[in-house]
Amino acid sequence: MGQEIQENFSASLHQTLSACGDDSDFKGHKTITEIFGKLYVVGATSEGAESPLDVKLFDKATGKWLAPTILGKKPNSSTFHSGVLVTNDRILFLKADSSANEFSYFLEVDSKFVRERKDLLGGEVVAWSKGSIGDGPKPIVISGPSGVGKGTLINKLMKDFPSTFGFSVSHTTRAPREKEVNGIHYHFTEREVMETEIKEGKFLESALVHGNLYGTSVEAVEAVTDTGKRCILDIDVQGARSVRASTIEAIFIFVRPPSFEELEKRLRDRGTETEEQIQKRLRNARKEIEEGKEGLFDHVLVNDDLESCYANLKKLLGLDSMETSNKAASVDFRTPSSFTISRDAENNIVIDSQDTETKDGIPKKIVLDVSSVRGGAPGRTRGLTVSIEY
Ligand SMILES: Nc1nc2c(ncn2[C@@H]2O[C@H](COP(=O)(O)OP(=O)(O)O)[C@@H](O)[C@H]2O)c(=O)[nH]1
Ligand SMILES: Nc1ncnc2c1ncn2[C@@H]1O[C@H](COP(=O)(O)OP(=O)(O)O)[C@@H](O)[C@H]1O
């Protein structure tokens, strides 16, 4: 079927579906996209703008409806949406009356991530991934042994550059320390719950560290990137390795202690762990420091004197002493309430407004270049390029 606009043949797909007994049960507007004999029907199961878009699957060969496992955050429905087959493994959905940050969602039906989850979960699997204009600033991954000062350095950055950086709040099964607040320092959770969520693909990475599960959820990173800030991840070396192997392009920094003795002193003086926990963390520290030398990291910082280490961190992140804003160049618009879509000669997707009235901030035409999109579920599909005509 290749590069075809779904709307061009949706009338015949609607007929096919009706003839087969359409029990997709969607309220209001729905779209149908055919990929290799399967019809992907997308709509909302309840009325109201906030109800999420759901996916139902009809297999033409068997005449049966299949209930796919749907991964990723579902887009909220809008009065109207349109689906475009981008490649045979993903459909791009464009929503009416939505902001630049909310108007595009990819539904992956056969990507690498979806195939992996199919093997794990069995049955049909699809995954949503929000489209992101441009690349946004690269996330920063900070690793290093327990007690080396990662948290201290990150807190300083967040305090000095509050509009530039946002912290990715991890999930963990470890018990909260006295001053830790759920949702700010960590999302404290139960092992069983977290294991299920890992299977469901809610995590970008997860690892067993010092006997507890830790993980970065897709949502934690997206909550930061949605604000236009640069995401900081405080994760262990295993986590850094997973992120390195993923589609996320990040900067990897390893923080080393000046000596093992000093590390032990800091850990003890912090006074947050039992003796048994301290021993476990020190044993793991030796291994982590060795792994930090392996070339996984772009930069290694020695945290001897805190102020000079912080100055080095700022330098490598390209920050001067002033508060700077590293916000991604933001494109601001709202999609029209109704539109048609087509392809132009360069194979760009063209959204033409069908609104009768012109309104401020709502373009007459939006041209989308999807030729260099990257990433995808779990997480964002980055690299959309837009040009706009008012
Ligand atoms: N892989 C992974 N590691 C994490 C995550 N969150 C925290 N960690 C790491 O888990 C380890 C223990 O963290 P924590 O219990 O807060 O102790 P602390 O680092 O000594 O303050 C540290 O190496 C963290 O970098 C996560 O989401 N994923
Ligand atoms: N350069 C430093 N010199 C002395 N103490 C430090 C330094 N950096 C951090 N600390 C202290 O060491 C302890 C561990 O730091 P923390 O940021 O909690 O480490 P991590 O997050 O890597 O486990 C804290 O009590 C902190 O105040």
Side-chain angles (χ1 to χ4, degrees), residues 139-159 167-182 184-189 194 197-198 202-221 223-224 231-246 248 250 252-259 261-274 276-289 291-292 296-297 301-313 378:
I140 301 157
V141 172
I142 300 194
S143 295
S146 182
V148 74
K150 302 179 296 297
T152 308
L153 289 163
I154 292 169
N155 285 342
K156 278 173 87 65
L157 265 186
M158 304 271 294
K159 188 165 159 280
F167 185 62
S168 155
V169 181
S170 293
H171 281 62
T172 182
T173 61
R174 94 151 152 70
R177 292 174 190 151
E178 209 176 69
K179 291 197 179 131
E180 283 178 333
V181 181
N182 192 24
I184 292 189
H185 299 98
Y186 279 105
H187 298 288
F188 295 99
T189 181
M194 194 163 161
E197 290 180 343
I198 291 170
K202 289 193 178 155
F203 286 85
L204 288 172
E205 63 78 33
S206 61
L208 197 61
V209 193
H210 318 314
N212 282 300
L213 259 184
Y214 292 78
T216 310
S217 70
V218 175
E219 222 175 313
V221 173
V224 177
C231 190
I232 305 183
L233 292 89
D234 173 347
I235 59 177
D236 85 320
V237 177
Q238 306 169 73
R241 208 173 278 131
S242 302
V243 175
R244 189 60 113 180
S246 78
I248 296 174
F252 294 78
I253 301 170
F254 188 81
V255 187
R256 281 175 63 99
S259 69
E261 292 67 35
E262 172 64 16
L263 182 71
E264 181 164 359
K265 183 176 177 301
R266 283 182 198 171
L267 205 47
R268 280 189 197 290
D269 289 352
R270 190 171 70 183
T272 51
E273 264 72 33
T274 62
E276 192 191 340
Q277 272 295 328
I278 291 175
Q279 290 304 332
K280 192 181 263 181
R281 280 162 187 259
L282 288 173
R283 274 197 304 278
N284 292 339
R286 292 196 187 275
K287 200 166 142 249
E288 283 171 314
I289 292 168
E291 288 172 328
L296 171 64
F297 294 90
L301 289 176
V302 179
N303 184 16
D304 191 350
D305 171 62
L306 181 60
E307 288 312 319
S308 51
C309 181
Y310 181 56
N312 287 336
L313 175 63

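Ligands are counted one by one from 1 in listed order, and the atoms in each one are counted from 1 as well.
- By the criterion of a heavy-atom distance under 4.0 Å, neither the backbone nor the side chain of Cys309 is placed next to ligand 2.
- Ligand 1 lies nowhere less than 4.0 angstrom from a heavy atom belonging to Glu180.
- Some N or O of Asp304 is nearer than 3.5 Å to an N or O of ligand 2, by distance alone.
- At a 4.0 Å heavy-atom cut-off, ligand 1 touches Glu205 through the side chain alone.
- From the protein, the heavy atom lying nearest to atom 20 (O) of ligand 1 is Ser146 OG, 2.4 Å.
- Under a 4.0 Å criterion applied to the non-hydrogen atoms of Gly215, ligand 1 contributes the atoms 26 (C), 27 (O), 28 (N).
- Contact annotation for Arg174 and ligand 1: only side-chain heavy atoms (C-beta onward) come within less than 4.0 Å of the ligand.
- In this structure, the ring of His171 has its center less than 6.0 angstrom from the ring center of Phe203.
- In terms of N/O distances under 3.5 Å, ligand 2 is approached by Lys150.
- Of all protein heavy atoms, the one lying nearest to atom 27 (O) of ligand 2 is Thr152 OG1, 4.1 Å.
- Residue Arg266 does not touch ligand 1, judged by heavy-atom distances below 4.0 Å.
- Proximity of His185 to ligand 1 is not established, as no heavy-atom distance is less than 4.0 Å.
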